[in-house]
Amino acid sequence: LSAPGDGTVLQVAQNNFFATKSYTLTVTVASINTNVIVRLDGSIDGTNYAPIIAAQTITSNGTSVYSVADRPVKFIKGVLVSESGGTDATVTFNLAAL
């Protein structure tokens, strides 16, 4: 992402059986100005999302990893909440579910 918004939705469970409940969000930032704020949202129904990894402030280029356990959801998505100091940053999300 190069502007605040939602990343791609990843379906991590089939049917109504929540087989996954642990998630890792890997965030790679390039061309940062002051900081970016990111979080991981989860949903049971694919429509209503809420944070399952709270907002995290990143202040330098590179890769950061955040994890959460015991949160069974069916869908997850990375969110670029905001960018400060300019509009040059690019943010790449990689998601894993277990």
Side-chain angles (χ1 to χ4, degrees):
L1 298 175
S2 58
D6 296 345
T8 302
V9 172
L10 177 63
Q11 185 172 345
V12 293
Q14 296 292 326
N15 304 319
N16 288 326
F17 178 69
F18 298 122
T20 62
K21 61 182 181 177
S22 298
Y23 309 96
T24 298
L25 170 66
T26 302
V27 183
T28 302
V29 180
S31 301
I32 198 166
N33 290 302
T34 303
N35 69 49
V36 296
I37 298 175
V38 299
R39 72 173 187 255
L40 182 66
D41 286 358
S43 174
I44 293 172
D45 62 11
T47 300
N48 300 296
Y49 284 83
I52 58 174
I53 294 179
Q56 304 292 318
T57 301
I58 301 172
T59 59
S60 62
N61 290 324
T63 301
S64 302
V65 178
Y66 308 97
S67 295
V68 64
D70 298 324
R71 299 286 176 106
V73 294
K74 191 171 181 179
F75 303 90
I76 58 174
K77 64 180 177 181
V79 178
L80 173 52
V81 176
S82 66
E83 177 180 8
S84 296
T87 59
D88 298 329
T90 57
V91 176
T92 303
F93 296 116
N94 288 293
L95 307 169
L98 178 63

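If you're wondering where the values come from, they're calculated on a predicted model, not measured in any experiment.
Note that CD1 of I76 is 11.5 Å distant from OG of S43, once rounded to the nearest 0.5 Å. The CG atom of L80 lies 5.5 Å from the CZ atom of F93; values are rounded to the nearest 0.5 Å. Atom CG of N33 sits about 7.0 Å away from atom OG1 of T87, to the nearest 0.5 Å.
Minimum heavy-atom separation, Y23 to L40: CB-CD2, 3.9 Å. Here the shortest heavy-atom pairing between V36 and A89 reads CG1-CB, 3.9 Å. Nearest heavy-atom pair, V91 versus V29, reported as atom, atom and distance to 0.1 Å: CG2-CG2, 4.3 Å. Heavy-atom minimum distance, K77 versus D6: NZ-OD2, 2.8 Å. Across S82 and P4, no two heavy atoms sit closer than the pair CA-CG, 4.0 Å.
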Pairs of donor and acceptor atoms involving the side chains of residues 53-64, under 3.5 Å and at least two apart or interchain, shall be tabulated with distances.
from	atom 1	to	atom 2	distance (Å)
Q56	NE2	A54	O	3.1
N61	OD1	S31	N	3.0
N61	OD1	I32	N	2.9
T63	OG1	T28	OG1	3.0

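Note on I37 and I52: separate hydrophobic clusters, where clusters join Ile, Leu, Val, Met, Phe, Trp and Tyr whose side-chain heavy atoms are under 4.5 Å apart, directly or indirectly. Grouping the Ile, Leu, Val, Met, Phe, Trp and Tyr side chains by contacts below 4.5 angstrom, directly or via other members, places L10 with L1. Using a 4.5 Å cut-off between side-chain heavy atoms of Ile, Leu, Val, Met, Phe, Trp and Tyr, with links allowed through other members, F75 and I44 fall into different hydrophobic clusters. Note on V27: it does not cluster hydrophobically with V81, by side-chain heavy-atom contacts below 4.5 Å among ILVMFWY residues. Residues L95 and V79 fall into different hydrophobic clusters, defined by Ile, Leu, Val, Met, Phe, Trp and Tyr side chains chained together at heavy-atom separations under 4.5 Å.
No donor-acceptor distance shorter than 3.5 angstrom exists from the side chain of T20 to the backbone of A97, with no hydrogens or angles considered.
Each salt bridge (charged side-chain N to carboxylate O under 4.0 Å, His left out) pair with one or both residues in residues 34-44, not counting sequence neighbours, appears once here: R39-D41.
Residues T24 and S67 have side chains that bring a donor and an acceptor to within less than 3.5 angstrom of each other.
For Y49, there are no side-chain hydrogen bond (donor to acceptor under 3.5 Å, both in side chains) partners two or more places apart in sequence or in a different chain.
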